[in-house]
Amino acid sequence: MTAIKITDLRKDYKDKAAVDGISLEIEEGELFSLLGVNGAGKTTTVKMLSTLTRPTGGDAFILGRSIITEPNKVKELVDLSMQETAVARNLTVEENVEFYARLNGLNKTETGEVMERVYRAFDLGAVKNKRAQKLSGGWQRKLSIALALISRPKVLFLDEPTLGLDVIARRELWKTISALKGGMTIILTTHYMEEAEALSDRIGVMKDGRLMFVGTKEELFAATGKQNVEDAFIEISAGGDLNA
Amino acid sequence: MRNSLSRIKTLTGRNIKEILRDPLSLILMILLPLFMEILFYFIFHNLTSQFEMKYLAPGIVVFSQAFLALFTGQLISLDRASAFLTRLFVSKARPHEFILGYAAALVPVALVQSVLFFLIGGIIDPSIFGAGMIRGVLLSIVTSLFFIAVGILLGSVCGEKAIGGAASIIVIGQSILSGMWFPIDKLSEGFIFAMRCFPFKNATDLIQNVLNGVSDPADQFWTPLLIVLAYTAAVFIAAILCFKAKMKEK
């Protein structure tokens, strides 16, 4: 079943098109990576799909709900973790989880259950009484992603989730994201090619607001004649449109 | 409606914790005004009537509220900078719930400020105890809304680096334009008129007047109250519009 259907979606600013009419379908349970250099339109696409930014053209449907005509319904289906860490600084890990659970309408019992689930999945139990601002960057990012799961989203947007993390923290986070695969649809934007290679079911490459390629790793290698995602990405970003 | 109230309560609780766990907020909102109230009374109250407790305590109450603008603004601008607000914009919470969550977090702080500075003032000079003090405490909640609205507006438009400077203009404005630190009868009529056009002096006058007894309700109560309320409404509307615009920008 289709989780996300994007039809000719665009976002125009005064002097340029940040997203220039992209169309795409993503299946339920899929982990789809969106690659592109800075300014390619990845984050703008994520912001439109998560209802943070209104498109100037086209539409997208999250499990059949339009991001333009039913943004509040879409909000009930999605959550996101931005590239910047988004936690309440002076609240403890436990208070952050509780705060976000309550904000999403969970009652006391459900909040307790969600806390247990999050602590287990993200190994946050050991730091639950620490204030968020006292945590290392890796732990803060883990918490930030954990918060995005509290609302039990059907579609999760991860915008450059490992940006700025050291290699160990990044690999730890990969494990966590891998464990989420299949349980929900995940859209991941990243600058790290090995991340996309390790985690994705399919990859999309954006350039200048346009979707230049969509397919599996193998299809990407076949289309570019390269043997790894990084070389293939450079080929597309520096070259022409390979989208069939 | 019930869900909305629950979300406002959740946002309020978080905002209170964020503000009160910042030691600087306690220093500037509570300790500094308290220190000034005690120090200025004992140094100056025999020299000028300005510093008699019946004028000083209400003045300090309103002065301390200027810091509410600073810490409200700082909280919102930091939430914006850290993408915390962006995350919340994807939640079920609506713009008015965010604004009420920020505002409601600061009202209890304003109440604590008011009660504390009046009580300390009353301990130093028991003549200010009475029904006027209760009226002063209640009306100080009204005046605090102006400063909270200013904080929401500044937090919506200023970045985290600019917010300190922008909010300090409000603190300085309150100090100079309230007329609480110096006798204004030597000032030019034009300057006094200008002071009366801004909410700072009106807020201070209002609390001083209700504490000390109102003999001319139109001049001493309704005029300053309506001016403060008009500014509060205007700034709140501007704050809501700016906050919504920032949400759209996201």
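Numbered from 1 within each chain, the chains take letters A, B, ... in sequence-line order.
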Exercise. Give the member of Glu18(B), Lys17(B), Lys92(B), Arg14(B) that has the highest number of heavy-atom pairs under 4.5 Å with chain A.
Key: Glu18(B)

Quiz item: Among Arg87(B), Lys9(B), Glu97(B), Arg7(B), which has the most heavy-atom pairs under 4.5 Å with chain A?
Solution: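 It is Arg87(B).
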
Quiz item: Is it the side chain or the backbone of Val78(A) that comes within 4.5 Å of chain B heavy atoms, both, or neither?
Solution: both

Quiz item: Using non-hydrogen atoms and a limit below 4.5 Å, what part of residues 80-118 of chain A faces chain B?
Solution: Leu80(A), Ser81(A), Met82(A), Glu84(A), Thr85(A), Ala86(A), Val87(A), Ala88(A), Arg89(A), Asn90(A), Leu91(A), Thr92(A), Glu95(A), Phe99(A), Tyr100(A), Arg102(A), Leu103(A), Asn104(A)

Self-check item: Close approach to chain B in residues 178-190 of chain A, criterion heavy atom under 4.5 Å
Solution: none

Practice problem: Please determine, among Ser151(A), Pro71(A), Ala148(A), Ser144(A), the option with the most heavy-atom pairs under 4.5 Å with chain B. | Solution: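 So the answer, after comparing Ser151(A), Pro71(A), Ala148(A), Ser144(A), is Ser144(A).
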
Quiz prompt | Engaged part of Ile8(B) at the chain A interface, taking heavy atoms whose separation is under 4.5 Å | solution =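 No part of it gets close to chain A.
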
Quiz item: What part of Leu20(B) lies closer than 4.5 angstrom to a heavy atom of chain A: side chain, backbone, both or neither?
Solution: neither

Practice problem: Answer yes or no: does atom CZ of Arg131(A) have more than 12 heavy-atom neighbours from other residues, nucleotides or ligands under 6.0 Å? | Solution: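 It does: Arg131(A) CZ has more than 12 such atoms within range.
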
Exercise. Count the heavy atoms belonging to other residues, nucleotides or ligands that lie under 6.0 Å from OH of Tyr119(A), then report whether that count exceeds 12.
Key: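 Enclosed.
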
Self-check item: Rounded distance (nearest 0.5 Å) linking atom OG of Ser82(B) with atom CD of Gln140(A)
Solution: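 Reported value, rounded in 0.5 Å steps: 9.5 Å.
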
